[in-house]
Amino acid sequence: MDVADVSGVPPWFAAHLREEGIESLYPPQADAVEAGVAEGNSLVASVPTASGKTLIAQLGMLSAVERGGTALYIVPLRALASEKREEFEAFEPYGVSIGVATGNYEDTGEWLTGKDVIVATSEKVDSLVRNGAPWVDDLDCVVSDEVHLVDDPNRGPTLEVTLAKLRRINPNLQVVALSATVGNAGEMAEWLDAELVDSAWRPIELKTGVQYGQALHFGDGSQRELRVGSNEKPTEAIVRDTLAEDGSTLVFVNSRRNAEGAAKRLANTSCDGLDEDERRQLTDLAEEIRGVSDTETSEDLAACVEKGAAFHHAGCSSEHRSIVEDAFRDRLIKVVSATPTLAAGVNTPSRRVVVRDWRRYSGEAGGMKPLSVLEVHQMMGRAGRPGRDPYGEALLLAKSHDELDELLDRYVWADPEPVESKLAREPSMRTHLLATVASGFADSRAALLNFLDRTLYATQYRRGAGSDDETDTDGRRDPRDGAARDNLERIVDSTLEYLDANDFIDRDGTIGATNLGHTVSRLYLDPMSAAEVLDGLEGASTPTAMGLYHLVSRTPDMYELYLRSGDREEYTMVAYERESEFLGAIPSEFEEERFEDWLSALKTARMLEDWASELDEDEIAERYGVGPGDIRGKVDTAEWLLGAAESLAGELGLECVPTIREARQRVKHGVGEELIDLAGVRGVGRKRARRLYDAGIETRADLREADKAVVLGALRGRTKTAENVLEAAGHPDSGMDGVSPDATAIPGDGERGRAADGTGDDQSNLGDF
DNA sequence: CTTCCCCGGCTATAGACAGCATGTC
DNA sequence: CTATAGCCGGGGAAG
């Protein structure tokens, strides 16, 4: 089908696509048009990665815009939000305005009003619905990207409920759900009252297979030889082999340590074929990586990158990750070993993909658990760069003949599992029932159950226990589906009980949220977190920072640090030493599990305390065995939760509000109490604030009236920086012409860390990304 | 006596959204 | 219930 033959989309669209080199639609795209995406019909597109899903979404969104409507594009990750924004900004010259909403990224609800296309994470959309953002009532088209993630136990229910709410608010809403190939696309379509495009078609052929010994066994029955040297690991042989064809390799492994280890080893393979120019660029890149952070992780990554390899996992900072992603996409980096971060994240196609580990440790299962077919297919789907490679290759590795057969059966020839709603679980019910009541979607038990009827869970229980003929789509419940529905009702009842007991809802006659409940819902807190915080704050007039850090760290909204061997003893001691600081009782040591959790929270809290005591990033990383990305993540979450705690305390008129605020400021900037004022100045972070303070400039007011020579000295002679800082502080004359640094103000360089090397990056960049 | 290598035993284990109010080098 | 890589220390063989 030719792009010009699509009716409903703006007239410029076909020409625009042609400029991009797109003449005709891919088969699944043509199917989507047949199904009426461009005419406002809802659609579930279950197609492989890189087979043109985005264009299907654009057909829906732009035709909605053409009809004078607005569209919302829901993504699962912040990083994808910016990727999509960049893609859609290509439409701005044609008068289509784009807005983005994620937790950290610009834009208030108001600001988005009037945008034609809005990109947001599912949680942000949920939050905006809860807060009554005006444009939410006025949507014509919603795209849900990676909709198979409704299967995720933590975040899936949010997506499910959010889609249900949006459809309820906008009865004629067009839903375009983009999914990986899953086992039950039809069921998803049934849930969303949508047409279905279910296709395995790919623009680039994907050959999947298993390496065993000296051979690659492909799923189509073909074989190829792979020479594996005697001292060589299979992954190295594959990377070498791919490199010989000038291709890149993406290796998926099951732990961070393995990712780093593999990258280190593979660097010796990847550095072989580098030319002069590449070496130079890689050296620059390595320098850039070292500039991001001063940690061991950062140094290790830089060392790999110099040789054309890299690792990628959540312990890397977001800057590290995007540097690696970009350089890999530009084919400068030849091989990346990654944890699943890269499978679901931004687009990083590769000539070859190796799924090295197909089992992953799981605490709950008590051992190694095989990855799901869907997950492995998602990883393998990264193989083949559109427009670059004739085909992509994805390989699993077998160590025995039996394993070869097993892998072919289990993954290569297998269909992905069906996606299954995880809505009927306590933690998500807690959050979503409160939000549903608080934002007025339901005011009774019956209304809640009625609302939940719009979810995938309802579709599945309705069908699940029912007859197999799948014709029961008229909404009437099959009497035989009792078990699942009873289960749902039971969870709804116990959750309402919980919310009532904690004073978040009122059940006199109708069900409504209390003021407290409204606040909790608005703050986007798990009600259990709110209850924990309120409980801890009660009666604590002047809690210590540690007390507050621990309080928010033991909340279910904080992902705790892992206790390693030896930690148990160490933190048990800390617990007794600082007993008086903790808010609420310390669980008994005999309550194994609770005590363990409490200690993990203590470890997290102590990391936050170290951060807020200006301990260097590299020392924190070493002391807690984490990477810069983890530090950043914990600090971020703590800042959010302390903000929420502050709001809750304010709501109840508690006197500890200023104490919480101070703790939050300290975590936010990573500074001691005395630096909070200075660190609030734009351009001044934890490092500079300390230097200025040591030079005698202790407050923002001091800075405003400071001797320029002293400021320049404290900022180690960086003229431009000093000017910016003075200007931000409101100094009457920030010009540094002719000023020379005051020698007594120059900070002693006796501290640890790399010497100033002229890159000027002496701030721990917390404000980024 | 020192150095190197191999082996057994032990340890540790993926990811990442959100409030609010403005801005890092 | 399940695995595996990296690291450490001990012991044996080689130098």
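Chain A is the first sequence line, chain B the second, and so forth, proteins listed ahead of strands; every chain is numbered from 1.
Each of dC25(B), dA16(B), dA14(B) was ranked by its minimum atom distance to the side chain of E375(A); first place goes to dA14(B). Taking every side-chain heavy atom of K369(A) into account, dT2(C) is the closest of dT2(C), dT4(C), dG19(B). Distances from the side chain of L77(A) to the nucleotides dT4(C), dA16(B), dG19(B) place dA16(B) closest. Distances were taken from every side-chain heavy atom of K399(A) (C-beta onward) to each of dA18(B), dT4(C), dA3(C); the shortest belongs to dT4(C). Checked against dA16(B), dA14(B), dG23(B), the side chain of R682(A) finds its nearest nucleotide in dG23(B). Listed nucleotides: dT24(B), dA18(B), dG15(B). Nearest to the side chain of S127(A): dA18(B). Set against dG19(B), dT4(C), dC25(B), the side chain of R688(A) has dC25(B) as its closest nucleotide. Counting only heavy atoms from C-beta on, T341(A) has its side chain closest to dG15(B) among dT4(C), dG15(B), dA12(B). Closest to the side chain of R257(A), from the set dT24(B), dA5(C), dC17(B), is dA5(C). The side chain of H313(A) sits closest to dG15(B) out of dA16(B), dG15(B), dT24(B).
Contact between the side-chain N/O atoms of R632(A) and the OP1/OP2 oxygens of dA16(B) is not found at any separation under 4.0 Å. In this model, the phosphate group of dG19(B) is approached by a side-chain N or O of K124(A) to a distance below 4.0 Å at OP1 or OP2. In this model, the phosphate group of dC20(B) is approached by a side-chain N or O of R522(A) to a distance below 4.0 Å at OP1 or OP2. Within the structure, a side-chain polar atom (N or O) of T121(A) is placed less than 4.0 Å from OP1 or OP2 of dA18(B). The shortest distance between the side-chain N/O atoms of Y361(A) and the OP1/OP2 oxygens of dA12(B) is not below 4.0 Å. A close approach under 4.0 Å does not occur between any side-chain nitrogen or oxygen of R356(A) and OP1 or OP2 of dT4(C). Checking the phosphate oxygens (OP1, OP2) of dA12(B), a side-chain nitrogen or oxygen of S565(A) falls inside 4.0 Å.
With respect to the salt-bridge test (charged N to carboxylate O, under 4.0 angstrom), the residues E236(A) and R265(A) qualify. Taking 4.0 Å as the cut-off between side-chain N and carboxylate O, K634(A) and D630(A) do not count as a salt-bridged pair. A salt bridge links E375(A) with R360(A): at least one charged nitrogen is closer than 4.0 Å to a carboxylate oxygen.
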**Pairing pattern in dot-bracket form [Watson-Crick, G-U; both distances under 3.5 Å; | = partner strand] for DNA chain C** = ..|||||||||||||
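Cation-pi contact between R666(A) and W611(A): absent, since separation from the ring centre below 6.0 Å together with deviation from the ring axis within 45° is not met.
For the C1' atom pair drawn from dA3(C) and dA14(B), the interatomic distance equals 16 Å after rounding to whole Å.
Dense packing is recorded around CD of E426(A), with more than 12 heavy atoms of other residues, nucleotides or ligands lying under 6.0 Å away.
Between the side chains of N254(A) and Y361(A), no donor N or O sits under 3.5 Å from an acceptor N or O.
Looking at heavy-atom distances under 4.0 Å, T637(A) makes contact with a base.
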